[in-house]
Colleague: 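Would you mind keeping the following structure in view while I ask a few things?
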Protein chains: 2
Amino acid sequence: MAHTHDDHHHERPRDLTRNQDLVLSTLNEAHEPLSAYDILDRLREDGLRAPLQVYRALDKLIEQGLAHRLESLNAFVCCADVGCHRARGSAAFAICSGCGRVDEFADDEVNARLAGWAAEHGFALERTTIELRGRCAECRKSQSGSPLR
Amino acid sequence: MAHTHDDHHHERPRDLTRNQDLVLSTLNEAHEPLSAYDILDRLREDGLRAPLQVYRALDKLIEQGLAHRLESLNAFVCCADVGCHRARGSAAFAICSGCGRVDEFADDEVNARLAGWAAEHGFALERTTIELRGRCAECRKSQSGSPLR
DNA sequence: ATCGCTAGCGTTATGTCATAACATATCAGT
DNA sequence: ACTGATATGTTATGACATAACGCTAGCGAT
């Protein structure tokens with residue numbers, strides 16, 4: 001129970017297991033959110049065979065702040081800015097319904113207001129989901145259709 | 001089968017079809033978010049048989065601002081304050097992982113900040129999801145476990 | 001009145017996302 | 001070597017959501 005050595009005050013990208021590393025790499029290489037099954041398909045040749053292998057890796061990555069789940073998409077992205085949002089509060093995501101691009105950002109004022117509401121109402125805030133849906137600047141120029149739901 | 005009911009609609013909300021009315025009533029009577037399949041189960045004796053009947057009704061209700069989808073729960077609630085949030089600005093939800101209770105609220109400052117980010121980045125904002133997860137005041141007093149995911 | 005349009009409805013089948021349950025493996029600390 | 005914690009692999013199943021089809025009702029314009 002006692003911390004024998006290795007005081008991880010700054011939690012660096014800790015040692016990842018093989019599966020965790022594979023999943024994180026896949027997310028890093030993707031330019032769009034991936035579903036767990038998308039990830040699985042890309043890792044078949046690396047030996048992964050079942051959804052659970054991906055979901056378990058994702059759980060750990062998310063726990064460590066290395067990846068995020070997009071609730072409105074049931075998909076996953078790697079964190080754009082490791083270590084940053086974890087310290088400061090939760091991240092927000094702008095998801096383009098044209099190209100699937102996701103921009104991650106954090107707004108201290110927003111986080112403060114939501115934390116304020118929670119405090120006022122005795123609500124023990126554990127995590128926050130903020131997702132904006134719309135069309136990015138690029139996609140507004142080109143009047144292309146909307147491939148994403 | 002011709003008209004067996006009045007043509008008059010005493011409802012304050014818009015004209016709802018039979019299925020839409022059934023689904024909305026079910027949400028109104030529930031004290032917690034319901035999944036589409038929960039709703040379906042409660043409406044079997046009213047003749048509903050397939051998920052699509054529920055999903056179609058939900059789509060319309062959400063479109064009209066009479067119900068909301070909770071993305072982090074894959075479940076639905078009726079709008080707490082008809083006509084208000086519809087006007088503009090999106091609603092936020094505080095979801096208790098202890099009892100399932102959901103509080104709906106709107107924070108103008110939060111909405112303004114998010115709209116601001118969108119404007120700065122040329123992002124055409126269509127809709128916003130804001131969901132807080134945690135434990136409500138009630139559930140913090142009683143140290144009960146966490147039945148909800 | 002009938003045509004054509006739009007919206008809703010009912011049904012079957014299927015697709016997509018996520019976890020339960022169980023067995024095996026790996027490794028650090030005692 | 002034993003133990004406990006963590007990760008892994010596999011099968012099966014559960015939970016959420018939509019595609020595709022055809023039918024019906026209401027409605028307005030010719």
Colleague: Rounding to a whole Å, what distance do you find between A:L24:CG and D:dA7:C1'?
Modeller: 17 Å
Colleague: Give a yes-or-no answer on whether the side chains of B:S72 and B:E131 include a donor-acceptor pair shorter than 3.5 Å.
Modeller: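 Indeed, the side chains of B:S72 and B:E131 share at least one donor-acceptor pair under 3.5 Å.
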Colleague: A:F76 has an atom CZ; how far is it from atom P of C:dC17, in whole Å?
Modeller: 10 Å
Colleague: What are the two closest heavy atoms between A:L40 and A:P51, and how far apart are they?
Modeller: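 Looking at all heavy atoms of both residues, the closest pair is CD2-N, 3.8 Å.
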Colleague: Please determine if B:R133 and A:E71 form a salt bridge, counting it only when a charged side-chain N lies under 4.0 Å from a carboxylate O.
Modeller: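 No salt bridge links B:R133 with A:E71.
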Colleague: Return whichever of A:Y37 or B:R56 has its heavy-atom-nearest nucleotide of DNA chain C closer to the 5' end.
Modeller: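 Comparing both residues, the 5'-ward one is B:R56.
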Colleague: A:D59 CG to D:dT6 P: how many Å, rounded?
Modeller: 14 Å
Colleague: With distance as the sole criterion, is a donor-acceptor pair present between the side chains of A:S25 and A:N28 under 3.5 Å?
Modeller: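 A:S25 vs A:N28: no donor-acceptor pair found between side chains.
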Colleague: What is the separation between atom CG on B:D21 and atom P on C:dG8, rounded to the nearest whole Å?
Modeller: 14 Å
Colleague: May I ask you to evaluate whether A:T17 reaches the phosphate of D:dT8, defined as a side-chain N or O under 4.0 Å from OP1 or OP2?
Modeller: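 Answer yes for this pair, as a side-chain N or O of A:T17 is under 4.0 Å from OP1 or OP2.
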Colleague: Taking CG from B:N19 and C1' from C:dA7, how many angstroms apart are they, rounded to a whole number?
Modeller: 13 Å
Colleague: Are OP1 or OP2 of D:dT10 and a side-chain N or O of A:R49 less than 4.0 angstrom apart?
Modeller: yes
Colleague: Measure the distance from CZ on A:R44 to P on D:dG9 and round it to the nearest whole Å.
Modeller: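 One finds 13 Å between P of D:dG9 and CZ of A:R44, rounded.
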Colleague: Counting only side-chain nitrogens and oxygens, does A:Y55 get under 4.0 Å of the OP1 or OP2 atom of C:dA18?
Modeller: yes
Colleague: Is the phosphate of C:dC17 approached by A:S35 (side-chain N or O, under 4.0 Å from OP1 or OP2)?
Modeller: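 For C:dC17, OP1 or OP2 has a side-chain N or O of A:S35 closer than 4.0 Å.
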Colleague: Expressed in angstrom and rounded to an integer, what is the separation of A:L52 atom CG from D:dA7 atom C1'?
Modeller: 11 Å
Colleague: Of A:T129, A:V110, A:L114, which meets side chain to side chain contact (heavy atoms under 4.5 Å, CB included) against B:I130?
Modeller: A:L114
Colleague: With nearest nucleotides of DNA chain C determined for B:P51 and B:Q20 from heavy-atom distances, which residue corresponds to the more 5′ nucleotide?
Modeller: B:Q20
Colleague: Compare side-chain N and O positions of A:N74 against OP1 and OP2 of C:dA18 and report whether any pair is under 4.0 Å apart.
Modeller: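 The answer is yes; a side-chain N or O of A:N74 sits under 4.0 Å from OP1 or OP2.
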Colleague: Has A:Q53 got a side-chain N or O lying under 4.0 Å from the OP1 or OP2 atom of D:dG9?
Modeller: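 True: A:Q53 side-chain N/O within range (under 4.0 Å) of D:dG9 OP1/OP2.
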Colleague: By nearest atom, which of the nucleotides C:dT12, D:dA17, C:dC17 is closest to the B:A50 side chain?
Modeller: C:dT12
Colleague: Quick one: B:L16 CG to C:dG8 P, roughly how many Å, whole number?
Modeller: 11 Å
